[in-house]
Protein chains: 2
Amino acid sequence: MRADAKKNYEHILAVASVVVTQHGADASMRDIARRAGVGLGTLYRHFPTREALLDTLLRAGFDELTAKACELETASSPDDALVSWLHDVVTFTGNYQGVVAAMIAAIEDTDSALHASCVTLRTAGARLLTRTQAAGLARSDMNGDDLFSLAAALAWLGDQPSSAPRAERLFRIIASAIITNRPSNLSLPADFQMNQNP
Amino acid sequence: MRADAKKNYEHILAVASVVVTQHGADASMRDIARRAGVGLGTLYRHFPTREALLDTLLRAGFDELTAKACELETASSPDDALVSWLHDVVTFTGNYQGVVAAMIAAIEDTDSALHASCVTLRTAGARLLTRTQAAGLARSDMNGDDLFSLAAALAWLGDQPSSAPRAERLFRIIASAIITNRPSNLSLPADFQMNQNP
DNA sequence: ACCTGAACACCGTTCAAGT
DNA sequence: ACCTGAACACCGTTCAAGT
């Protein structure tokens with residue numbers, strides 16, 4: 001990459017980080033180019049899609065979350081590890097308004113520049129869930145895809161002004177639905193049934 | 001209202017219903033006017049905001065859901081009533097893509113034409129929740145606002161192609177977090193009686 | 001009264017022309 | 001190689017001019 005191109009690339013990223021933080025993932029591409037003092041075509045040359053820009057912007061955070069999941073796979077209590085990681089994912093995603101909508105859209109769109117990151121993240125979470133389920137500490141009737149959906153739903157609620165103030169409570173409610181706290185090998189009353197409704 | 005105006009009004013609604021069903025709540029207003037064979041100004045005269053159009057479009061459904069909540073307030077099992085109503089809300093909202101985002105935004109925007117409907121709906125749900133909590137069948141650390149947020153989150157997941165296929169499972173997971181089959185509070189009134197499993 | 005559509009200020013995206 | 005910005009096809013919203 002030519003020196004001037006590299007300078008542009010980095011400057012665009014710095015400006016985009018500010019603009020996306022302020023105005024969310026749907027911020028005007030034109031606005032980003034304008035504020036970066038760069039032609040609109042230059043922005044699109046470096047980041048052919050909005051998703052490509054977001055992926056580069058969030059790369060460090062994504063990698064950190066994936067690394068954290070790997071570390072937590074050897075934590076002493078699988079359920080605490082899962083909940084802690086879920087919390088980190090929701091918190092990170094909540095930093096940029098509207099980013100979770102792009103992520104959940106990318107998970108099924110193999111052409112999206114965000115696709116790979118999201119799949120990696122989902123897989124990392126799935127491992128933590130499987131481990132917790134194996135210990136009988138998470139409900140067995142869900143999988144990694146469901147976990148990712150629930151994380152996305154929580155992050156989306158955090159994006160909404162009407163729900164954001166209660167985000168932590170909503171997190172605890174959903175976390176409690178995932179974690180069972182009841183090892184499956186424990187003897188239960190004969191009439192015991194999971195908290196389910198028809 | 002003049003006869004020609006009334007005819008326009010009703011034709012716009014009919015066309016809008018089709019367009020919003022097809023393209024979601026963010027459908028182009030221009031497109032709606034175009035397909036209705038009406039000037040753009042005529043559309044805005046009858047429905048000054050997108051929310052006003054949506055509210056009129058969804059009015060019948062909103063009223064039905066509120067009425068259903070009132071009926072269910074005398075149902076034999078409060079928990080079943082709550083879950084059944086919640087399911088109806090999520091299903092109805094899911095009929096129009098993106099409508100739930102408009103609703104959750106309207107709940108805090110007193111100027112929105114959707115505000116009143118959403119508040120009414122939330123209040124109706126809150127009553128069902130309170131009744132279930134009074135019977136010791138719903139977790140006590142949540143309120144009607146939380147219930148509305150959870151319903152919105154479920155409806156939003158239903159809007160996403162990656163989650164929609166698992167919508168029912170996700171519903172059951174969250175429903176199970178709300179419903180508690182055993183009272184969590186140990187210090188109950190002396191005359192408290194468990195009214196389950198008759 | 002009511003309707004129309006041009007006008008304005010925005011988008012995302014592309015691409016010929018410049019350096 | 002890389003950058004620029006006009007061009008194109010869209011938006012939502014308003015409002016002077018028409019019937």
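We use all heavy atoms of the structure for the numbers below, so side chains are in, but hydrogens, waters and symmetry mates are not. Numbers restart at 1 for each chain; the letters A, B, ... are given by sequence-line order, proteins then strands. Worth saying up front: this structure is predicted, and the values here are computed from it rather than measured.
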For residues 107-118 of chain B, which residues have at least one heavy atom under 4.0 Å from DNA chain D? none
Can you tell me which stems DNA chain D forms when a stem means 3 or more consecutive Watson-Crick or G-U pairs under 3.5 Å? C:4-8 with D:12-16, C:12-16 with D:4-8
Count the heavy atoms of every other residue, nucleotide or ligand shown that sit under 6.0 Å from CD of B/Glu10, and state whether that count exceeds 12. yes
Residues from residues 95-104 of chain B sitting under 4.0 Å of DNA chain D, heavy atoms only? none
Under a 4.0 Å heavy-atom criterion, DNA chain D is touched by chain B from D/dC11 to D/dC15
Quick one, A/Asp159 and A/Thr93 - any side-chain contact, counting heavy atoms below 4.5 Å? no
For DNA chain C, determine which residues of residues 12-25 of chain A have any heavy atom closer than 4.0 angstrom to one of its atoms, and list them numerically. none
Hey, could you give me the CE/CD1 distance between A/Met142 and A/Ile178, rounded to the nearest 0.5 Å? 4.5 Å
Residue pairs, two or more places apart or on separate chains, that pass ring pair (Phe, Tyr, Trp, His ring centres under 6.0 Å) and touch residues 133-153 of chain B: none
Toward the 5' end of DNA chain D, which comes first, A/Asp4 or B/Ser28, by nearest nucleotide? A/Asp4
Only pairs at least two apart or in different chains count here, so list each ring pair (Phe, Tyr, Trp, His ring centres under 6.0 Å) that has a residue in residues 27-47 of chain A. A/Tyr9-A/His46, A/Tyr9-A/Phe47
If you measure from CG on A/Leu86 to OG1 on A/Thr91, what distance do you get to the nearest 0.5 Å? 9.5 Å
Say you draw a straight line from NZ of A/Lys68 to CH2 of A/Trp85; how long is it, rounded to the nearest 0.5 Å? 10.5 Å
Please compare A/Asp26 and B/His46 by the position of their nearest nucleotide in DNA chain C and report the one closer to 5'. B/His46
Distance-minimising heavy-atom pair for A/Ser176 and A/Ile173: OG-O, 2.7 Å
Anything under 3.5 Å between a donor and an acceptor, one on a side chain of residues 101-113 of chain A, the other on a protein residue two or more places apart or in another chain? List them.
unit_1: A/Asp109; atom_1: OD1; unit_2: A/Asp111; atom_2: N; d: 3.1
unit_1: A/Ser112; atom_1: OG; unit_2: A/Leu114; atom_2: N; d: 3.1

Which part of the nucleic acid, if any, lies within contact of A/Ala27, taking any heavy atom under 4.0 Å across all strands shown: a base, the sugar-phosphate backbone alone, or nothing? sugar-phosphate
B/Glu73 and B/Arg127 ion-paired at < 4.0 Å: yes
Could you go through A/Ser28 and A/Arg34, starting from their C-alpha distance and side-chain angles, then the distance that decides it, and tell me whether this counts as side-chain hydrogen bond (donor to acceptor under 3.5 Å, both in side chains)? CA-CA 10 Å; A/Ser28 160; A/Arg34 209 154 33 205; 4.7 Å; no
For DNA chain C, determine which residues of residues 29-45 of chain B have any heavy atom closer than 4.0 angstrom to one of its atoms, and list them numerically. B/Arg30, B/Val38, B/Gly39, B/Leu40, B/Gly41, B/Thr42, B/Arg45
For residues 12-26 of chain A, which side-chain donor-acceptor pairs fall under 3.5 Å, sequence neighbours excluded?
unit_1: A/Thr21; atom_1: OG1; unit_2: A/Ser17; atom_2: O; d: 2.5
unit_1: A/His23; atom_1: NE2; unit_2: A/Arg35; atom_2: NH2; d: 3.2

Output yes when B/Asp141 and A/Arg169 qualify as a salt bridge under the 4.0 Å nitrogen-oxygen rule, no when they do not. no
Set of side-chain hydrogen bond (donor to acceptor under 3.5 Å, both in side chains) partners for B/Arg50, sequence neighbours left out: none
State whether B/Asp4 and B/Lys7 are salt-bridged, where the test is any N-O pair (Lys NZ or Arg NE/NH1/NH2 against Asp/Glu carboxylate O) under 4.0 Å. no
According to the interplanar angle, ranging from 0 to 90°, do the rings of A/Trp156 and B/Trp156 count as parallel (below 30°), tilted (30 to 60°) or perpendicular (above 60°)? parallel
For A/Thr49 and for B/Ala5, find the nucleotide of DNA chain C with the closest heavy atom, then tell me which residue's nucleotide is more 5'. B/Ala5
The criterion is salt bridge (charged side-chain N to carboxylate O under 4.0 Å, His left out); which residues satisfy it with B/Arg59, sequence neighbours excluded? B/Asp55, B/Asp63
Could you tell me whether B/Asp146 and A/Arg166 have a side-chain N and a carboxylate O separated by less than 4.0 Å? yes
